[in-house]
Amino acid sequence: MLDPKLLRHEIEKTAAALALRGVTLDVDRIASLETQRKALEIATQELQHTRNSQSKLIGQAKAKGEDVAPLMQTVNELSDKLKTSEERLKEIQEALNSIYWSIPNIPHVSVPVGASEKDNQEIRQWGNPTTFDFIPKDHVELGEGLSQMDFTSAGKISGARFVVLSNKLARLQRAIAQFMLDLHTQEHGYVEMYVPYLVKKESLFGTGQLPKFYDDLFHVTGDQKLSLIPTAEVPLTNLSADTLYENAQLPIKLVAQTPCFRSEAGSYGKDTRGMIRQHQFEKVELVQIVRPEDSYQALEELTGHAEKVLQLLQLPYRVVALCTADLGFASSKTYDLEVWIPSQKMYREISSCSNFETFHARRMMARYRNPETQKTDYVHTLNGSGLAVGRTLVAIIENYQDKRGRIRIPDVLLPYMSGIELID
RNA sequence: GGAGAGGUGGCUGAGCGGUUGAAAGCGGCGGUCUUGAAAACCGUUGAGGGGUAUCCCCCCUCCCAGGGUUCGAAUCCCUGCCUCUCCGCCA
């Protein structure tokens with residue numbers, strides 16, 4: 001959520017900033033609602049003030065044993081007026097809120113301006129696309145060839161967009177996740193967390209999945225209205241909901257490996273083959289809660305932490321700064337990491353690292369005490385995949401294949417594979 | 001599943017329906033003392049919003065959430081959510 005002050009006092013400027021990401025703000029409607037809000041709020045507060053002071057007088061008069069009937073009469077006359085005024089104000093505020101909740105974050109000045117994902121900017125590239133002296137297969141062909149990746153069985157059990165892994169390939173996926181967790185906790189200073197996979201709607205609201213993206217999630221039926229997490233960002237970031245941190249407690253750096261569940265509504269026909277886009281996948285997620293002045297430095301670091309995984313795995317990748325049009329709803333700035341997928345001869349997203357500034361914090365009421373002013377300010381929140389485990393598995397399978405269709409285990413994963421050096 | 005207790009400020013924890021936005025303690029901040037620090041002592045210290053227009057004041061809202069009763073609710077009633085204790089069951 002944006003700062004309402006931006007929409008009250010700097011609406012034209014805000015609209016211009018949002019226009020960069022292709023969002024049109026209904027300036028006239030907002031301005032008109034705000035005018036009404038202001039008038040009604042002042043009127044309501046005056047009525048409340050009168051009621052409060054009159055009621056207080058009744059109390060005092062009663063204590064002295066005086067007749068309170070005339071006073072009660074005047075207060076009674078107020079109550080109807082007050083009630084309608086309060087109700088009207090509530091309506092206006094709800095109308096404004098429903099607009100405000102649906103306004104995306106403002107892009108940071110450093111975000112490249114663009115009209116579509118084609119305008120995303122490559123920041124740097126690491127390694128070179130893997131070369132082969134044979135025609136490389138895709139991960140489906142390889143996995144099925146090894147009889148360790150089974151989409152047919154998954155389809156039988158659960159339907160499309162699921163997979164069954166077995167034997168050494170299942171083991172490799174576990175090794176990948178372990179390796180990532182160890183790296184981030186031991187080298188990058190994150191605290192490992194185990195968190196719920198089912199969350200309340202308030203949590204989804206806090207991190208911006210609701211109200212706008214209800215259909216992208218799986219919701220459980222029954223008395224308990226819970227939803228499956230689409231990313232560990234939701235439970236991790238919401239740990240700071242309704243919290244007022246002392247300055248010294250920041251920054252907070254958390255990492256968790258969780259399954260992620262996405263309905264992939266609206267992506268019919270995209271990546272239907274293979275493990276690229278699944279209803280369920282594993283991800284190691286990084287989350288940081290930081291002081292506002294530190295957040296852009298933190299974004300660079302966090303992105304670096306995710307990159308380190310790819311570097312150690314010797315997987316070629318590039319870093320892309322998303323342009324204004326491609327930025328996620330809640331993000332001020334996002335770097336995508338894209339790993340080389342030989343079968344597709346292109347880089348595919350494997351991590352997305354974002355600074356949300358106060359967008360989540362404002363929704364969640366996550367604040368800290370500013371030591372300069374002694375006042376409370378919203379914290380900045382960031383997150384990034386470190387990395388998507390399923391897609392990392394795909395990248396390893398394809399980049400480490402040999403011409404007989406076997407998969408070599410990357411060196412850094414060998415300690416996690418108890419002697420297995422080759423998947424065959 | 002059965003029985004009970006409770007959710008109050010950064011934290012712990014009081015609070016007869018009427019100067020209670022809320023005692024007390026801890027913590028924080030400022031000061032005295034000290035070469036400095038600690039201790040001690042003194043003072044100060046809730047959040048969100050609106051107005052004015054700024055660091056001065058005024059007002060509103062907030063004691064889990066949502067309803068209700070009342071001139072007036074942290075305090076009474078209903079619903080929901082959450083936590084805890086005991087018994088039972090159980091991975």
Side-chain angles (χ1 to χ4, degrees), chain A residues 1-11 30-31 33-97 100-101 194-206 210 219-220 222-227 235 238-250 252 289 291 358 360-379:
Chain A
M1 184 180 182
L2 295 180
D3 185 346
K5 289 198 177 81
L6 289 177
L7 296 153
R8 273 172 208 160
H9 308 305
E10 297 173 48
I11 186 154
I30 292 174
L33 281 169
E34 278 295 353
T35 308
Q36 293 179 65
R37 190 224 91 232
K38 183 165 167 177
L40 264 169
E41 189 158 349
I42 293 170
T44 306
Q45 289 188 0
E46 270 172 18
L47 286 167
Q48 287 171 328
H49 176 55
T50 312
R51 181 207 53 199
N52 290 346
S53 47
Q54 295 289 317
S55 291
K56 212 165 259 181
L57 288 179
I58 292 177
Q60 290 170 2
K62 256 189 167 170
K64 291 180 199 158
E66 295 169 0
D67 178 22
V68 295
L71 270 172
M72 304 240 312
Q73 179 69 27
T74 57
V75 184
N76 269 326
E77 282 162 9
L78 270 180
S79 69
D80 279 350
K81 258 172 112 177
L82 178 58
K83 200 166 213 171
T84 50
S85 186
E86 278 175 340
E87 277 166 8
R88 184 85 188 101
L89 178 61
K90 198 174 169 187
E91 282 170 24
I92 302 265
Q93 275 168 339
E94 274 166 7
L96 277 168
N97 278 340
Y100 289 175
W101 294 130
Y194 172 78
V195 292
Y197 303 159
L198 287 162
V199 294
K200 300 194 279 191
K201 61 179 181 307
E202 287 83 355
S203 301
L204 292 161
F205 194 80
L210 294 183
H219 307 278
V220 300
D223 298 342
Q224 309 195 54
K225 297 200 171 48
L226 298 172
S227 307
N238 275 286
L239 285 169
S240 58
D242 300 313
T243 302
L244 177 53
Y245 292 107
E246 292 304 328
N247 184 52
Q249 289 177 271
L250 303 177
I252 291 168
I289 312 291
R291 299 178 198 99
T358 62
H360 288 156
R362 196 178 293 280
R363 292 175 163 233
M364 295 189 304
M365 286 298 280
R367 297 155 300 157
Y368 82 114
R369 196 171 295 284
N370 185 326
E372 310 267 316
T373 61
Q374 281 304 311
K375 298 217 164 187
T376 58
D377 278 329
Y378 292 106
V379 296

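What you see is a predicted model, and the numbers here were worked out from it, not measured in a lab. So that the names make sense, note that chain A is the first sequence line, chain B the second, and so on, each numbered from 1.
- Here A/Ile58 lies in heavy-atom contact (under 4.0 Å) with a base.
- Put simply, CG on A/Leu226 is 14 Å from C1' on B/G80, counting in whole angstrom units.
- A/Met365 places its CE atom 15 Å from the C1' atom of B/A65, with the value rounded to the nearest Å.
- Looking at A/Arg88 and A/Glu91, a side-chain N of the basic residue comes within less than 4.0 Å of a carboxylate O on the acidic one, giving a salt bridge.
- The side chain of A/Arg369 places an N or O atom within less than 4.0 Å of a non-bridging phosphate oxygen (OP1 or OP2) of B/A47.
- Across all strands shown, B/A39 forms no Watson-Crick or G-U wobble pair with both key distances under 3.5 Å.
- Of the listed residues (A/Leu250, A/Thr243, A/Leu244, A/Ile252), just one forms a side-chain contact (heavy atoms from CB on, under 4.5 Å) with A/Val379, and that residue is A/Leu250.
- The main-chain N or O of A/Lys375 is never found under 3.5 Å from a side-chain atom of A/Arg367 such that the two would form a donor-acceptor pair.
- Remark: side-chain polar atoms of A/Thr35 are not paired, donor with acceptor, to backbone N or O of A/Leu33 under 3.5 angstrom.
- Spacing between atom NZ of A/Lys90 and atom C1' of B/C60 amounts to 16 Å, rounded to whole angstrom units.
- Atoms CD (A/Glu246) and C1' (B/U45) sit 12 Å apart, rounded to a whole Å.
- Base-pair partner of B/C11: B/G25 (Watson-Crick or G-U wobble, both distances under 3.5 Å).
- Rounded to the nearest Å, the gap between the P atom of B/G27 and that of B/C81 is 39 Å.
- Atom P of nucleotide B/A47 and atom CZ of A/Arg367 are separated by 9 Å, given to the nearest angstrom.
- A sub-4.0 Å separation between OP1 or OP2 of B/G72 and a side-chain N or O of A/Asn52 is absent.
- One finds no side-chain N or O of A/His49 lying less than 4.0 angstrom from the OP1 or OP2 phosphate oxygen of B/C59.
- Remark: B/C84 base-pairs with B/G4; criterion is Watson-Crick or G-U wobble with both hydrogen-bond distances under 3.5 Å.
- Side-chain nitrogen and oxygen atoms of A/Lys200 include none within less than 4.0 Å of the OP1 or OP2 phosphate oxygen of B/C64.
- For A/Lys62 against B/G18, a side-chain N or O and a base N or O form a donor-acceptor pair under 3.5 Å.
- Within the nucleic acid shown, A/Gln48 comes within 4.0 Å of sugar-phosphate atoms alone, with no base atom in reach, counting heavy atoms only.
- Look at B/U61: its Watson-Crick or wobble partner, with both distances under 3.5 angstrom, is B/A47.
- As judged by a 4.0 angstrom heavy-atom cut-off over every strand, A/Thr376 is placed among residues touching the sugar-phosphate backbone only.
- With both pairing distances under 3.5 Å, B/U19 is matched to nothing as a Watson-Crick or G-U wobble pair.
- Not one side-chain nitrogen or oxygen of A/Ser79 sits closer than 4.0 Å to the OP1 or OP2 atom of B/C71.
- Of all nucleotides present, only B/C78 satisfies the Watson-Crick or G-U wobble test against B/G66, with each distance under 3.5 Å.
- Spacing between atom CD of A/Gln93 and atom P of B/G49 amounts to 13 Å, rounded to whole angstrom units.
- Considering only side-chain N and O atoms, A/Arg362 lies nowhere under 4.0 angstrom from the phosphate OP1 or OP2 of B/G48.
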